[in-house]
Amino acid sequence: MDWQKLETYFHSLDRSLFVGNDIKKHASIDVPLPIGFGQTISQPSLVLKMTQILEPENNSKVLEIGTGSGFQTAILAKMSAEVYTVERIDELAKKAKNRLDTLNFSNIYYKIGDGSTGWQEYAPYDRIMVTAAAGLLPDELVNQLAIGGRMVIPIGPPYLQELKLITKTDNSKINIETMELVRFVELKGRYGWVEIGKL
Ligand code: SAM
């Protein structure tokens with residue numbers, strides 16, 4: 001990964017473009033902010049950290065689950081060849097696409113639907129970034145990760161999760177590393193977070 005390119009783009013990207021008018025005055029603060037529908041734009045320093053862990057290369061095909069505001073999508077699209085991004089909330093996906101079109105990205109493909117099942121049509125992916133918390137590691141996402149690929153995903157109960165780095169080795173085995181504690185909104189959907197006892 002080109003670390004210098006990531007740092008430069010990250011610091012040049014105006015986060016106020018990705019939030020509503022009432023929130024713009026807070027956009028430069030390093031905290032998550034509301035984007036509507038009970039969802040948040042992630043803390044910028046965490047977006048940077050997760051991208052550094054993901055290590056997208058300029059020829060990578062990336063799957064992102066949870067488009068949200070599109071802020072993380074922009075960074076992934078700058079750092080890789082193609083980004084396939086899935087968002088379950090129609091209005092958020094449309095707003096994000098408008099913003100990213102305004103920034104002239106032509107390597108982003110959008111889907112509105114349940115990203116907990118991935119996006120099988122274009123699999124495998126060299127990198128998978130999940131920006132909502134799953135209860136368990138979704139098998140479908142593991143299956144859609146290319147050999148040699150990397151996936152970053154928060155796993156754990158609502159309000160506190162472990163950020164995991166999943167790497168798939170040459171013999172299709174996976175290695176799971178815990179990177180740090182994080183707090184994300186829930187991954188909904190078929191392989192999303194399920195309350196223990198409701199399984
Ligand atoms: N990375 C985003 C950004 O920079 O704005 C923040 C993402 S926000 C923390 C998590 C997003 O995941 C929300 O927009 C939420 O609607 C979405 N989400 C939750 N479950 C999902 C699912 N099963 N499929 C697709 N998107 C999902």
Side-chain angles (χ1 to χ4, degrees), residues 6 9-10 13-20 23-24 26-54 56 62-80 83-100 103 105 108-122 125 127-141 144 151-161 163 182-195:
L6 173 59
Y9 186 65
F10 174 78
L13 187 59
D14 181 0
R15 192 176 180 235
S16 72
L17 298 175
F18 295 85
V19 293
I23 302 291
K24 284 191 193 297
H26 304 300
S28 61
I29 307 171
D30 190 29
V31 289
L33 292 169
I35 54 171
F37 308 93
Q39 306 302 321
T40 52
I41 180 172
S42 307
Q43 183 178 3
S45 57
L46 184 57
V47 172
L48 179 63
K49 174 77 84 62
M50 288 172 70
T51 310
Q52 288 169 335
I53 294 170
L54 191 72
V62 180
L63 175 65
E64 180 191 35
I65 308 303
T67 315
S69 68
F71 181 73
Q72 170 80 80
T73 319
I75 292 169
L76 293 173
K78 190 71 179 181
M79 297 302 298
S80 54
V83 177
Y84 294 78
T85 186
V86 186
E87 170 58 54
R88 58 182 282 276
I89 300 175
D90 182 88
E91 290 87 340
L92 288 180
K94 286 179 182 154
K95 275 190 194 169
K97 182 176 186 309
N98 283 340
R99 293 172 184 133
L100 294 160
L103 293 172
F105 283 106
I108 305 174
Y109 303 90
Y110 302 85
K111 181 176 174 179
I112 296 167
D114 178 7
S116 75
T117 61
W119 192 345
Q120 179 61 49
E121 192 180 353
Y122 299 103
Y125 301 94
R127 303 286 185 269
I128 299 180
M129 175 73 91
V130 184
T131 65
L136 299 169
L137 180 60
D139 284 346
E140 290 286 324
L141 295 183
Q144 291 174 31
M151 169 166 36
V152 173
I153 179 169
I155 296 186
Y159 307 117
L160 195 62
Q161 304 96 30
L163 186 66
V182 289
R183 182 175 169 177
F184 274 90
V185 295
E186 288 172 29
L187 181 73
K188 307 275 188 193
R190 188 160 167 202
Y191 298 104
W193 193 84
V194 181
E195 205 174 322

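When a ligand or atom number is given, it counts from 1 through the structure's own listing order. Since the structure is predicted, the reported quantities are computational estimates derived from the model, not experimental observations.
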Query raised in the report: How does Leu187 reach ligand 1, by side chain, by backbone, by both or by neither, if only non-hydrogen atoms under 4.0 Å count?
Result: both
Query raised in the report: Atom CG in Asn98, atom CG in Leu17: separation rounded to 0.5 Å?
Result: 12.5 Å
Report summary line: On a heavy-atom basis, the closest approach of Leu100 and Gly70 is CD2-O, 3.6 Å
Report task. Show which atoms of ligand 1 fall inside a sub-4.0 Å distance from at least one heavy-atom site of Phe71. Result -> 4 (O)
Query raised in the report: Nearest 0.5 Å, what's the CE-CG distance between Met50 and Leu46?
Result: 5.5 Å
Query raised in the report: Excluding sequence neighbours, so at least two apart, what forms salt bridge (charged side-chain N to carboxylate O under 4.0 Å, His left out) with Lys78?
Result: none
Query raised in the report: Can you find a non-hydrogen atom of Glu186 under 4.0 Å from ligand 1?
Result: yes
Query raised in the report: Hey, is NZ on Lys49 packed in by over 12 heavy atoms from elsewhere, all under 6.0 Å?
Result: no
Query raised in the report: How long is the gap from CD on Glu186 to OG on Ser116, to the nearest 0.5 Å?
Result: 12.5 Å
**Report entry** Proximity to ligand 1 by part of Arg88, non-hydrogen separation under 4.0 Å
**Finding:** both
**Report entry** Contact atoms of ligand 1, heavy-atom distance to Val185 under 4.0 Å
**Finding:** 9 (C), 10 (C)
Query raised in the report: Short N/O distance, under 3.5 Å, between Gly115 and ligand 1?
Result: yes
Report task. Drop me the distance from Gln144's CD to Tyr84's OH, to the nearest 0.5 angstrom. Result -> 12.5 Å
Requested in this report: Flag the pair Tyr191 / Thr117 as yes when at least one side-chain heavy-atom distance between them is below 4.5 Å, and no otherwise.
Outcome: yes
Query raised in the report: Starting from atom 3 (C) of ligand 1, which protein heavy atom do you reach first, and at what distance in Å?
Result: Ser69 OG, 3.4 Å
Query raised in the report: Taking only heavy atoms of Ser116, which atoms of ligand 1 are found under 4.0 Å from at least one of them?
Result: 23 (N)
**Report entry** Element-labelled atoms of ligand 1 that are located less than 4.0 Å from some non-hydrogen atom of Thr40
**Finding:** 6 (C), 7 (C), 8 (S), 9 (C)
Requested in this report: Considering non-hydrogen atoms only, spot the tightest contact between Gly115 and Ile65 and give its length.
Outcome: O-CD1, 3.4 Å
Query raised in the report: For atom 10 (C) of ligand 1, which protein heavy atom lies nearest, and how many Å away is it?
Result: Thr131 O, 3.2 Å
Query - ligand 1 contact by Gly113, heavy-atom criterion under 4.0 angstrom - result: yes
Query raised in the report: What do you reckon, does Thr67 put a non-hydrogen atom under 4.0 Å from ligand 1?
Result: yes
Query raised in the report: Counting only heavy atoms, which portion of Ile89 has something under 4.0 Å from ligand 1: side chain, backbone, both, or neither?
Result: side chain
Report summary line: Under 4.0 Å from one or more heavy atoms of Gly66, ligand 1 contributes atoms 1 (N), 2 (C), 7 (C), 11 (C), 12 (O), 17 (C), 26 (N)
Requested in this report: For Ser42, take its heavy atoms, then give the atoms of ligand 1 lying under 4.0 Å from any of them.
Outcome: 6 (C), 9 (C)
**Report entry** Element-labelled atoms of ligand 1 that are located less than 4.0 Å from some non-hydrogen atom of Ile41
**Finding:** 5 (O)
Query raised in the report: Should Gly192 be listed as contacting ligand 1, given a heavy-atom distance under 4.0 Å as the test?
Result: no
Query - ligand 1 atoms in contact with Leu92 (distance to a heavy atom under 4.0 Å) - result: 14 (O)
**Report entry** side chain to side chain donor-acceptor pair (under 3.5 Å) against Asp90, all qualifying residues, sequence neighbours excluded
**Finding:** Lys94
Query raised in the report: How far is atom 15 (C) of ligand 1 from its nearest protein heavy atom, and which residue and atom name does that atom have?
Result: Gln39 OE1, 3.3 Å
Query - Protein contact of atom 23 (N) of ligand 1 - nearest heavy atom, named by residue and atom, plus distance - result: Lys188 O, 2.6 Å
Query raised in the report: What protein heavy atom sits nearest atom 17 (C) of ligand 1, and how far off is it?
Result: Glu87 OE1, 3.4 Å
Query raised in the report: Hey, what's the ring geometry for Tyr9 with Phe105, parallel, tilted or perpendicular (30° and 60° as the breaks)?
Result: perpendicular
Requested in this report: Walk me through it: do Gln72 and Thr51 pass the test side-chain hydrogen bond (donor to acceptor under 3.5 Å, both in side chains)?
Outcome: CA-CA 8 Å; Gln72 170 80 80; Thr51 310; 3.0 Å; yes
Report task. Just need the protein heavy atom nearest to atom 4 (O) of ligand 1, so name the residue and atom and give the distance. Result -> Gln72 N, 3.3 Å
Query - Pairwise distance OG1(Thr73) to OH(Tyr110) - rounded to 0.5 angstrom - result: 7.0 Å
